[in-house]
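This report refers to the structure that appears directly beneath it.
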Amino acid sequence: MKIYNTLTGKKEEFIPLMPNKVRIYACGVTVYDYCHIGHARSAIVFDVIRRYLKYRGYDVTYVRNFTDIDDKIIKRANEEDIPWNVVAQKYTDEYYADMDRLGVARADIEPKATEYINEMIEIVKGLIDKGFAYEINGNVYFSVERFKGYGKLSKRDMEDMMAGARVEVDENKRNPMDFALWKKSKEGEPFWESPWGKGRPGWHIECSAMSLKHLGESFEIHGGGADLLFPHHENEIAQSEAYTGKPFAKYWVHNGFITINKEKMSKSLGNFFTIREVLNTFDPEVLRFFLLSTHYRSPIEFSDEQLKEAESTLDRFYTTLTRIDDVIERQYAENKEFSKAGNEFSDFVFSFKEKFVSAMDDDFNTALALGHIFELIKEVNRFLDKKPAGSKDIELLLMTKQLLSETGNVLNIFNRTAHEWNVSLMKLKGIALTEEEIESKIKQRNDARQGKDWKLADLIRKELEEKGIILEDKKDRTNWKVKIC
RNA sequence: GGCGGCGUACCCAAGUGGCAAGGGAGAGGUCUGCAAAACCUUUAUGCAGCGGUUCAAAUCCGCUCGCCGCCUCCA
């Protein structure tokens with residue numbers, strides 16, 4: 001298995017520090033507002049990485065934190081005139097609400113910064129003792145000059161950074177690049193007691209403290225959005241390695257951005273969509289599928305058009321599932337041999353898993369993996385066209401379903417029934433019909449068809465289509481589905 | 001200014017040395033009472049451009065053009 005490591009700038013063979021054990025720390029969110037789809041991407045990417053590693057048999061411990069104390073939270077609390085911790089709690093709840101809908105599983109450990117203040121203070125003390133940090137007027141700063149490897153993750157050297165430094169002027173700092181480990185609290189701000197007086201932690205120190213506590217000094221994978229690379233992750237490395245004297249994370253994994261009109265989607269540009277906004281018009285599975293249809297390190301251009309395409313693609317998946325089920329449900333004759341068509345199709349079935357695994361093994365290439373899945377979809381459709389009948393052929397179809405479900409579970413998509421998919425689409429598209437009404441129309445129409453009243457039959461078909469329901473006549477039944485347009 | 005990335009069909013998107021996956025859209029066809037779905041055919045002798053290395057290049061090297069990101073809070 002290969003993973004692209006930001007630290008080395010190369011795709012590397014994945015070798016855990018301890019056999020069979022993988023520890024992952026992914027930076028979560030600062031809980032001061034609703035999540036946008038960029039947060040969704042990051043959460044989904046690491047959710048899939050974690051699921052895949054488990055699928056490959058690793059014993060995975062996944063930690064994802066919440067930053068629940070920070071300038072933005074305090075600002076929001078002041079604006080709304082409510083306590084800061086109420087803000088944090090509210091948006092933590094909303095985070096879960098969104099992520100649950102997107103099929104993002106809870107991490108094994110989900111620490112909150114404010115629950116680790118003592119651990120952070122310990123590290124800051126240690127860093128001062130070791131000469132990596134200094135205190136001035138109740139603030140403690142990390143001295144980047146004292147840490148030799150500073151810049152190794154983001155590939156920049158100190159001189160360049162100094163030249164282009166746009167950091168806030170702070171006369172307390174010895175070096176403009178130094179960053180705060182502990183901030184003295186201002187009047188009216190939340191604070192914790194510390195050896196340096198009343199204050200609160202700097203942003204970066206929480207991840208060092210929480211990863212150390214739950215994963216140890218060194219662990220396998222550390223990740224987050226590409227925008228955390230600098231300064232956040234660079235600073236984490238400096239703090240953690242200065243404190244422990246050991247290498248921090250072995251593999252650094254960063255997901256790419258979502259773009260709108262080719263520009264990075266961001267809060268400050270205001271060009272963002274919240275998860276719930278998008279889910280007002282699209283099924284959560286559509287968004288999840290869309291985000292996995294591009295490799296995690298590439299930028300994804302977000303648009304309505306793209307989501308509609310993703311919706312059509314998913315519909316193709318579920319339509320095929322229905323076709324498979326229709327054949328499986330039918331009576332079939334005992335048969336010891338594949339039909340000719342079955343023989344050809346069996347090659348695809350038997351080689352599929354290997355293709356899926358090799359795609360995912362190559363730096364979690366979900367886009368390629370999905371390509372393989374849709375290749376199987378195409379092949380199973382071809383096979384179904386050739387009217388498989390014997391028990392041996394049916395076995396192949398059952399195996400196909402099993403494979404789709406197994407690989408779908410890794411990506412956490414494709415695991416509903418076609419009926420559930422269509423019911424969800426009905427709601428989202430505001431179709432003014434109940435399932436009972438549709439069934440009754442279908443019955444009316446089939447009565448008309450019995451009497452060869454094609455005019456009436458076509459009228460009913462048309463009437464339903466105008467309301468967004470498509471009918472598919474099969475040999476012994478009529479299926480309905482929501483029209484995708 | 002420093003560092004990094006990207007440019008593959010009408011659109012999206014895999015592919016990092018050996019005949020260019022997959023999806024969407026379009027056109028034609030098979031099937032169907034009519035449809036829908038599905039399938040078949042068709043849509044890149046070509047991978048931003050120009051050179052180079054190689055038996056062999058979308059893939060490696062150089063230059064040019066275009067776009068984007070990080071260097072400040074950001075997933």
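Numbers restart at 1 for each chain; the letters A, B, ... are given by sequence-line order, proteins then strands.
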Short N-O contact, A:Asp100 and A:Arg106, less than 4.0 angstrom
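Answer for the salt bridge query: yes.
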Ionic contact status for A:Asp70 with A:Lys75, cut-off 4.0 Å:
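Answer for the salt bridge query: no.
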As an exercise, state the distance from CG of A:Asp453 to CG of A:Asp447, rounded to the nearest 0.5 Å.
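If we round to the nearest 0.5 Å, A:Asp453:CG and A:Asp447:CG are 10.5 Å apart.
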What is the distance from atom OG of A:Ser358 to atom CZ of A:Phe356, rounded to the nearest 0.5 Å?
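Nearest 0.5 Å value for the OG-CZ distance: 10.5 Å.
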In whole Å, measure the gap between the [atom1] atoms of [N] and [M] for me.
| N | M | atom1 | answer |
| --- | --- | --- | --- |
| B:rC65 | B:rA25 | P | 39 Å |
| B:rC11 | B:rU43 | C1' | 13 Å |
| B:rU30 | B:rG15 | C1' | 33 Å |
| B:rA36 | B:rG29 | P | 13 Å |
| B:rC47 | B:rC60 | P | 15 Å |
| B:rU8 | B:rA13 | P | 8 Å |
| B:rC50 | B:rC40 | C1' | 41 Å |
| B:rG66 | B:rU41 | C1' | 37 Å |

Check every strand shown and say whether [X] touches a base, only sugar-phosphate, or nothing at a heavy-atom separation below 4.0 Å.
| X | answer |
| --- | --- |
| A:Gly225 | sugar-phosphate |
| A:Arg297 | nothing |
| A:Gly256 | base |
| A:Lys267 | nothing |
| A:Asn255 | base |
| A:Ile37 | nothing |
| A:Lys72 | sugar-phosphate |
| A:Arg382 | sugar-phosphate |
| A:Lys386 | nothing |
| A:Leu229 | nothing |

Per [X] side chain, nearest of listed nucleotides [options]:
| X | options | answer |
| --- | --- | --- |
| A:Phe230 | B:rA36, B:rG24, B:rC70 | B:rC70 |
| A:Val29 | B:rA75, B:rG23, B:rC73 | B:rA75 |
| A:His295 | B:rA14, B:rC73, B:rC68 | B:rA14 |
| A:Arg156 | B:rC39, B:rC3, B:rG2 | B:rG2 |
| A:Asn381 | B:rG24, B:rA38, B:rA75 | B:rA38 |
| A:Arg316 | B:rC39, B:rA75, B:rA37 | B:rC39 |
| A:Ala367 | B:rA75, B:rA14, B:rA37 | B:rA14 |
| A:Thr313 | B:rC70, B:rA38, B:rG24 | B:rG24 |
| A:Pro231 | B:rC67, B:rC73, B:rG23 | B:rC73 |

Nearest whole Å is fine: how far is [N] [atom2] from [X] [atom1]?
| X | N | atom1 | atom2 | result |
| --- | --- | --- | --- | --- |
| A:Phe257 | B:rC6 | CZ | P | 15 Å |
| A:Lys11 | B:rU59 | NZ | C1' | 12 Å |
| A:Asp315 | B:rA25 | CG | P | 10 Å |
| A:Ile73 | B:rC73 | CD1 | C1' | 13 Å |
| A:Asn365 | B:rG15 | CG | P | 4 Å |
| A:Lys262 | B:rC11 | NZ | P | 10 Å |
| A:Gln306 | B:rC11 | CD | C1' | 8 Å |
| A:Asn271 | B:rG69 | CG | C1' | 13 Å |

Quiz question: going by heavy-atom distance under 3.5 Å, is there a donor-acceptor pair between the base of [N] and the side chain of [X]?
| X | N | result |
| --- | --- | --- |
| A:Asp458 | B:rG33 | yes |
| A:Glu375 | B:rG22 | no |
| A:Asp473 | B:rC34 | yes |
| A:Arg461 | B:rA35 | yes |
| A:Arg445 | B:rG33 | yes |

Closest nucleotide of RNA chain B for A:Phe290 versus for A:Thr320: which of these residues is on the 5' side?
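So the residue in question is A:Phe290.
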Position toward the 5' end of RNA chain B (nearest nucleotide), A:Gly371 or A:Ser268:
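Nearer the 5' end of the strand: A:Gly371.
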Mind checking whether A:Phe248 and A:His222 have ring centres under 6.0 Å apart?
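Yes, the ring centres sit under 6.0 Å apart.
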Measure from the ring center of A:Phe179 to the ring center of A:His204 and say whether it is less than 6.0 Å.
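Distance test on ring centres: under 6.0 Å, yes.
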Taking the six-membered ring of [Y] (Phe, Tyr or Trp), confirm whether the NZ or CZ of [X] is under 6.0 Å from its centre and within 45° of its axis.
| X | Y | answer |
| --- | --- | --- |
| A:Lys267 | A:Tyr32 | yes |
| A:Lys2 | A:Phe14 | no |
| A:Arg297 | A:Tyr4 | yes |

So, do A:Phe374 and B:rG22 meet the stacking rule of ring centres under 5.5 Å and planes under 30°?
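No; centroid distance or tilt outside limits.
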Just to be sure I follow the notation: if a pair is Watson-Crick (purine N1 to pyrimidine N3 plus N6-O4 or O6-N4) or a G-U wobble (N1-O2 and O6-N3), each under 3.5 Å, what dot-bracket string does RNA chain B give, with | for pairs to another strand?
((((((((.[[[..)..(...]]].(((((.......))))).....[[[[[..)....]]]]])))))))....
Do the rings of A:Trp421 and A:Tyr318 sit parallel, tilted or perpendicular, given the 30° and 60° boundaries?
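Because their plane-to-plane angle is under 30°, the rings of A:Trp421 and A:Tyr318 count as parallel.
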With under 30° as parallel and over 60° as perpendicular, where do the rings of A:Phe219 and A:Tyr25 fit, or are they tilted in between?
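Rings of A:Phe219 and A:Tyr25: tilted, 30 to 60°.
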